[in-house]
Amino acid sequence: MGKMLKRLISYNKARDIVFNEWDKFLMDKIKIVPLLDALDKVSHEDIESPVDLPMFDRAAMDGYAVRAEDTFGASTTNPLILNLVDSEDIDEGECVKVFTGSKMPKNANAVVMKEYCNEEDDFVEIYKGVHPYENVSRTGEDVKRGDILLKKGEIISPYHIAILSSVGIKEIKVYDVNVGIIATGDELVDLEEVNNMEELKNKSKIINSNSLMLYALVKEAGLNPKIYGKIDDDKEKIKSAVKKAITENDIVITTGGTSVGDRDYIVEVINELGNIIIHGVQIRPGKPFGFGKINNKLIFMLSGYPVASAVQFELFIRSYFKKRKKIKLPLKRNIASELGRTDIVRVKIEDSEVEPLRITGSGVISSLTKADGYIIIPENVEGYEKGEYVEVYLF
Ligand SMILES: Nc1nc2c(c(=O)[nH]1)N[C@H]1C(S)=C(S)[C@@H](COP(=O)(O)OP(=O)(O)OC[C@H]3O[C@@H](n4cnc5c(N)ncnc54)[C@H](O)[C@@H]3O)O[C@H]1N2
Ligand code: MOO
């Protein structure tokens, strides 16, 4: 008998194993970086706001800070008059000129917009009354002291940078994980080597798009990717490529050669250099997923088929770091699935309905670009019927 996938394990079991290894592995992969360098990285800490934001009541409009009760009933036909003072607090019947963002004077609780006022030398005619706190940004209305601004495991976005800098945070602890990417396959050609697509076609070659996709996926997941180019289906060449990549990185992702073909060496190689923990999961696509360790470094063996490798990356790497937003919508048509297997189905959302794209076809890259997200059909579910509400993980 030829090669075989090790006994297939369930998706949940595989995920538990991999996530548990991630937890242990990441404990010492930490770096403190200046705020701007943390963009797109994964936070290693919960960050609480040390202050209220705004830190003081602020005018939200250009105009005059007043005591709202002094303006009640003011209108164009019945303007009220307030004395204009230049002071840090006001008394009854007074107002202070303010600009958007300026601190509110003491005792003032509203701002009348400039457009509804007429300033004379030492008084202001008010043409419109305001409610208490109208046109005022109140202390803590944006963020309360102690609010969590960034969660451990979240990927730092430009908006996190805005909010963290607003409360005075200058540095963040992030995960610092270098990931080497290796693609195997005689049929592959790296994109930079391609001069002529016709020639490629005549030689039955395929462009190594997986390395580029994985590079982008790794980067998007907040880790640091490095591409090692394509390696021929030659056991010794694969072995030395893996050795080099594992020495230079914390993690290695391989793509291709995970199955049971005569030239599928990757699992054998990892088994010789370290140990295989998983080979074969009850998922579709992505069944031949492999996971192992070499000297406490993690190796993810992804399929060569682009969609299978994208799904494996999503389930075992990306989803550890960043949970996707989910939406519940009804299905446009039935989808069948096999008991005992977890299916990951790319879907499109059309008129608030979920249209499954393709269940099979792990080589159909366009099913990824056409999809708005995916649904997961658990192993104990035999499929869903048209009209049933399903949870879509949004891309
Ligand atoms: N007899 C069996 N055959 C297969 C099984 C099985 O259980 N028994 N499993 C199938 C499943 S499921 C998958 S998924 C694939 C996985 O195969 P490999 O990981 O060994 O992938 P390759 O054979 O190396 O490549 C498959 C196909 O994917 C394209 N490819 C490969 N590398 C890249 C790359 N870097 N960039 C873009 N495209 C790539 C290429 O078309 C390859 O021909 O095995 C099934 N077979
Ligand atoms: O499980 Mo494979 O990934 O579909 O072709």
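Order of listing sets the numbers, starting from 1, for every ligand and every atom in it.
R324 forms no cation-pi arrangement with F395, by the criterion of a distance under 6.0 Å to the ring centre and an angle within 45° of the ring axis.
For atom 30 (N) of ligand 1, the nearest non-hydrogen atom of the protein is G304 O, 3.1 Å. At the top of the distance list for atom 4 (O) of ligand 2, counting protein heavy atoms only, stands S362 OG, 2.6 Å. Of the protein's non-hydrogen atoms, the one nearest atom 11 (C) of ligand 1 is P288 CG, 3.8 Å. Looking at atom 14 (S) of ligand 1, its nearest protein heavy atom turns out to be S303 OG, 3.5 Å. The protein atom (non-hydrogen) at minimum distance from atom 35 (N) of ligand 1 is N208 OD1, 2.9 Å. Atom 3 (O) of ligand 2 has its closest protein heavy atom at G286 N, 2.5 Å. In terms of protein heavy atoms, atom 8 (N) of ligand 1 is closest to V260 CG2, 3.5 Å. Among protein heavy atoms, atom 36 (N) of ligand 1 sits closest to N210 N, 3.1 Å. Closest to atom 15 (C) of ligand 1, if we only count protein heavy atoms, is Y305 CD1, 3.7 Å.
Taking a 4.0 Å cut-off on heavy atoms, G185 fails to register as neighbouring ligand 1. Put simply, part of G257 is less than 4.0 Å from ligand 1, judged by heavy atoms.
Between T139 and the options L53, V51, D52, a side-chain contact (heavy atoms from CB on, under 4.5 Å) holds for only D52.
No chain of hydrophobic side-chain contacts below 4.5 Å, direct or via other Ile, Leu, Val, Met, Phe, Trp or Tyr residues, connects L84 to I81. Residue Y320 is grouped with residue I181 when hydrophobic side chains (ILVMFWY) are merged at heavy-atom distances under 4.5 angstrom, including chains of intermediate members.
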side-chain hydrogen bond (donor to acceptor under 3.5 Å, both in side chains) evaluation trace for N224 with D176
CA-CA 7 Å; N224 320 317; D176 186 36; 3.1 Å; yes

Pair F300, F316 - check ring pair (Phe, Tyr, Trp, His ring centres under 6.0 Å), show working.
CA-CA 9 Å; F300 292 83; F316 298 109; 7.8 Å; no

Apply side-chain hydrogen bond (donor to acceptor under 3.5 Å, both in side chains) to the pair N12 and S10, showing each step before the final yes or no.
CA-CA 5 Å; N12 287 340; S10 74; 5.6 Å; no

Residues Y374, Y393; criterion ring pair (Phe, Tyr, Trp, His ring centres under 6.0 Å); working and verdict:
CA-CA 5 Å; Y374 61 92; Y393 295 78; 5.0 Å; yes

Go through it in stages, so that I can follow the logic: the residues are E154 and K151, the test is salt bridge (charged side-chain N to carboxylate O under 4.0 Å, His left out), and I'd like the CA-CA distance, side-chain angles, deciding distance and then a yes or no.
CA-CA 5 Å; E154 248 183 309; K151 287 193 212 121; 5.1 Å; no

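Of the heavy atoms in E187, only side-chain atoms (C-beta onward) come closer than 4.0 Å to ligand 1. Of all the heavy atoms of P285, the ones lying under 4.0 Å from any atom of ligand 2 are found in both the backbone and the side chain. Contacts between D264 and ligand 1, counted as non-hydrogen atom pairs separated by less than 4.0 Å, involve the side chain only.
Looking at ligand 1, you won't find any N or O of S211 less than 3.5 Å from one of its N or O atoms. Taking distance alone, with nitrogen or oxygen atoms compared against 3.5 Å, R284 stays at or beyond that limit from ligand 2. Checking only distances, T184 never comes within under 3.5 Å of ligand 1, N or O to N or O. When only interatomic distances are considered, the shortest N/O to N/O separation between T258 and ligand 1 falls below 3.5 Å. Residue contacts with ligand 1: S362 is placed with no nitrogen or oxygen under 3.5 Å of a nitrogen or oxygen of the ligand (distance criterion only).
In the model, N249 has a side-chain atom that pairs as donor or acceptor with a side-chain atom of Y228 under 3.5 Å.
Short contacts between ligand 1 and S209, defined as distances under 4.0 Å to a heavy atom of the residue, involve ligand atoms 36 (N), 37 (C). With ligand atoms numbered from 1 in the order given, ligand 1 contributes 38 (N), 40 (C), 41 (O) to contacts under 4.0 Å with heavy atoms of I206. Atoms of ligand 1 lying under 4.0 Å from at least one heavy atom of K287, given by number and element, are 7 (O). Contact atoms of ligand 1 toward I207: 36 (N), 37 (C) (distance under 4.0 Å to a heavy atom of the residue).
Heavy atoms only, all atoms of each residue included: L331 and E353 are closest at O-OE2, 4.4 Å.
A donor-acceptor pair under 3.5 Å links the side-chain atoms of T100 to the main chain of D62, judged by distance alone.
The aromatic rings of F25 and W22 sit perpendicular, their planes meeting at an angle over 60°, well past the 30° parallel limit.
Atom CD of E88 has 12 or fewer neighbouring heavy atoms from other residues, nucleotides or ligands inside a 6.0 Å radius.
Of the candidates S259, G256, A183, A308, S259 brings a heavy atom nearest to atom 5 (C) of ligand 1.
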